[in-house]
Structure formats: C-alpha cells, structure tokens
Amino acid sequence: MDNFNTITDFINKSPKTELHLHIEGSLEPELMFKLSKRNKVEIPFKNIDEIRSAYNFTNLDSFLKIYYEGSNVLISEEDFFDLTWEYILRCKQDNIVHTEIFFDPQSHIPRGIRFETVISGIDKALKKAERDFGITSKVIMCFLRHLDEESCFDVLKQACNYKDKIIGVGLDSSEKGNPPIKFQNLFEQAIREGFLTVAHAGEEGPPEYIWDSLNLLKIKRVDHGIQCLKDEKLIERLVKDQIPLTVCPLSNVKLCVFDKLENHNLKKMLDKGLRVMVNSDDPAYFGGYLNQNLIETSKALNLKLEDVKKLIENSFKSSFLNEENKKDWLKKIS
Ligand code: ADE
Ligand code: ZN
C-alpha cells in the first residue's frame, strides 16, 4: 500500500485542473453574510454558524433550495467579482492551474440582475487570475433544467453576445423528472451557435439520462455520471469513447447518493477504465475544495498513488485546453 502521506503530498504539490465547479456553489457563509449586509438582502439566518448548520441535505432538491436562496445576495458586478476571486484564491492554495467553471444566469436574471453584470464580474476575476497567478480558465453557462425551454432559449440568446467569454453550455438543477430530451432543440441551437455542450446526468437520475445526454445533447463530458455502473452497455460505450465523467465525491455523500465516502463507486469506475476525475461541485456547501476531495477520497477508498495520478491526468485530458497545453501539463505530473 502506498503511504498515505506520500499520496497527500503528491495531491498537494501536483498541478491540477477542475472541471466541475459551480461558482455560486463557492459562496462561503462569510461572504454570503457580508453581501447580505452590503446589499441589504435578507437571508433566513442570523449568523454564520446558523448558515453552516443549515447545510444538512437529504437529496439534490433539498440542497438546491438553500443554494438558490444563498445566490440571492449576489447583486452587483463587484459581488460576482468577489465571489469568483475568492474561488481563485482557493485554486491557488490547491495548486489548480486551470479551472472550468459553471454559472447559472437563470438564478440571477429573474431577480433583475443583468446578464452583463454576472458575466463581467466573473470574467474580470478570471482575467486577474491569469495575470496575477497564471491560472487559466473557461466558463460554461448552465441552463436550469427545472425551468421551461423558453426561458433557456432567452439566456442562450444573451450568451451569444459573449462568445469570447463563454466556451460552452451545460445543464444543471433538479435532475429527476427533467430529462435531457426536454432540451434537445435548445442544445441543437447552442451547438449551431458554436458552443460545446456538457450536462449533469446520472447524478440521481437513471442511466437513460446519460444515454440521452450523449445521443441527443451531443455532450463532450458527463457531469457526475455515477449511475452509469447500473448499465453494462453504457459502461462499454463510455469506456470505448473515453467520455469524461466529472465525479464529485464529497458532493455525492452530502446529497446522500452514497451513505459514506467508503461506499463511493469512484474506484470501481477507475478500475473499469472509465475516464473519471475528481471535482468539488459546490465546495462551500459540501465541505471541501478539490484537494480535500482528493485526499479524503484517496483515504476512504484506499487509492494507490497511480490511481490518484490517473485521476489528475484524466482531468487535464478532459479539459477544454488545447492539445499543446494539455501535453505540457501532463508532462509535469510525475
Ligand atoms: N447546481 C449546483 N450544484 C448542482 C448539482 N450537484 N447538481 C445539479 N445542479 C446543481
Ligand atoms: Zn454540479
């Protein structure tokens, strides 16, 4: 067995990329409290401890309710800048050299926040990250799948004005009962506009949602995808085409998909040759950023050093970096 300290050391030191991170999910209670005061937005908590103790979730929907409430404190461009910059400081701490972040415009626009305000705040922080720390990034706009197609087409139209800042579109929010087919036309239009596509699929929902995301939404990566192990044919397809699965272990435990980290299926996925990697999803709500996800998961699943290397390599290979950049980073993981 590889020494756990050696693995922890490797995780801390290795350059890494993160491919599944909701920027609104990096809103720490301290910043939520500060912004609620700055913007005079009421939140249903008296102090930071009360916020933290509300983070006991039973499933995805129980989390989403609190997550959308938390997002209400984000109003100005400066707020989106501060939010993103705080995440970037965590990236620096964790030695994340490239990150691909999701944002949810439909949780802001109905509150009267302009698309421009959201994307500009995020973009300014990401540009500063590259200038100050050399951390590179891509931005993916997510559609909220509990909303109707019309609302999603509206934000797609707005995103078309920011093609220089947004590389792709994704699909998040409440999965069960909101199947990929509901968004087939929308994703066809997004692809015609030149956006890459990804989608949350098989987080809580059935393997069919992963099949439909691949076949109907033409996705380049499956976000989560952990339910794929229930379908042998699907595993074959995912392995054959080396489709990336952006797994988020601490998230899956917090949202009760697995009762404990020791029972997570990540190691089984790795052993089947699936292209999996580790991500933090909504770290402010789920109790850990990328390195903590990697360290706790390595310990709980008794991963070997070569497993951890594979996870980090898979992440670079699955990113939207160009091939030359991927090759350069891959050389640095040893
Ligand atoms: N939005 C933020 N985090 C999410 C998750 N884990 N699943 C679906 N939608 C989300
Ligand atoms: Zn997610």
Side-chain angles (χ1 to χ4, degrees), residues 17-28 32 54-74 80 83-84 87 99-110 118 122 138-147 151-152 155 168-180 182-183 197-206 209-210 213 217 219-228 244-258 261 264 266 276-290 293 315 318:
T17 181
E18 176 148 66
L19 306 181
H20 185 153
L21 179 283
H22 302 263
I23 199 64
E24 294 90 347
S26 70
L27 177 61
E28 289 287 341
M32 191 192 292
Y55 293 173
N56 282 309
F57 312 116
T58 51
N59 57 21
L60 175 58
D61 282 352
S62 68
F63 155 68
L64 289 170
K65 186 176 173 293
I66 300 236
Y67 165 81
Y68 294 130
E69 268 172 20
S71 294
N72 287 343
V73 301
L74 297 161
F80 287 95
L83 171 72
T84 309
Y87 167 64
T99 180
E100 302 192 352
I101 68 171
F102 297 129
F103 76 113
D104 285 340
Q106 288 159 296
S107 61
H108 311 302
I109 290 169
V118 181
I122 295 171
K138 306 280 181 199
V139 173
I140 299 168
M141 178 183 81
C142 277
F143 300 111
L144 299 186
R145 68 199 304 159
H146 68 275
L147 298 178
S151 155
C152 297
V155 283
V169 298
L171 192 59
D172 66 2
S173 192
S174 186
E175 187 182 13
K176 286 181 177 166
N178 292 298
K182 181 174 161 190
F183 302 100
T197 63
V198 298
H200 283 56
E203 178 183 12
E204 284 185 341
Y209 285 16
I210 302 177
S213 299
L217 309 184
I219 57 169
K220 304 281 184 214
R221 301 197 291 245
V222 180
D223 293 314
H224 293 291
I226 44 179
Q227 303 297 338
C228 74
L245 303 156
T246 65
V247 176
C248 309
L250 291 181
S251 160
N252 298 148
V253 174
K254 264 290 197 185
L255 302 187
C256 306
V257 182
F258 298 99
L261 203 49
H264 198 286
L266 179 76
V276 286
M277 79 290 305
V278 166
N279 304 272
S280 68
D281 205 7
D282 302 285
Y285 293 89
F286 300 150
Y289 286 78
L290 182 60
N293 267 271
S315 193
S318 308

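Every number for a ligand or one of its atoms is a count from 1 in the order of the listing.
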Note to self: Checking side chain to side chain contact (heavy atoms under 4.5 Å, CB included) between V278 and each of V247, L290, L19, which is the one that passes?
What the structure shows: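 Testing each of V247, L290, L19 against V278, the sole residue satisfying side chain to side chain contact (heavy atoms under 4.5 Å, CB included) is L290.
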Sorted by chain and residue number, the ring-ring contact (aromatic ring centres under 6.0 Å, His included) partners of F183 (sequence neighbours excluded) come out as none
Rounding to 0.5 Å, atoms CG (L60) and CG (L255) come to a distance of 6.0 Å
Taken by chain and residue number, the protein N/O/S atoms under 2.8 Å from the Zn ion (ligand 2) read H20 NE2, H22 NE2, H200 NE2, D281 OD1
Candidates D172, N279, D281 - the one meeting side-chain hydrogen bond (donor to acceptor under 3.5 Å, both in side chains) with H20: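 Testing H20 for a side-chain hydrogen bond (donor to acceptor under 3.5 Å, both in side chains) against D172, N279, D281 leaves exactly one candidate, D281.
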- Query: Do E24 and H108 have side-chain N/O donor and acceptor atoms under 3.5 Å apart?
  - Reply: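 Yes, H108 and E24 have a side-chain donor paired with an acceptor closer than 3.5 Å.
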Scanning both residues in full, the closest heavy-atom pair of P244 with K220 reads CD-O, 3.2 Å
(request) Report the C-alpha separation of F102 and I23 in whole Å, then their side-chain angles, then the decisive distance to 0.1 Å, and conclude whether the side-chain contact (heavy atoms from CB on, under 4.5 Å) test is met. (result) CA-CA 6 Å; F102 297 129; I23 199 64; over 6 Å; no
For this session: State which residues pass salt bridge (charged side-chain N to carboxylate O under 4.0 Å, His left out) with E28; sequence neighbours excluded, sorted by chain then number.
Result: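 So E28 forms a salt bridge (charged side-chain N to carboxylate O under 4.0 Å, His left out) with R52, R90.
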Could you label the plane-to-plane angle of the Y285 and F63 rings as parallel, tilted or perpendicular, counting under 30° as parallel and over 60° as perpendicular?
perpendicular
- Query: In order of chain and number, which residues sit within 4.0 Å of ligand 1 by heavy atom?
  - Reply: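 Ligand 1 is contacted, at a heavy-atom distance under 4.0 Å, by H22, L60, F63, L64, Y67, D172, S173, H200, E203, H224, D281, D282.
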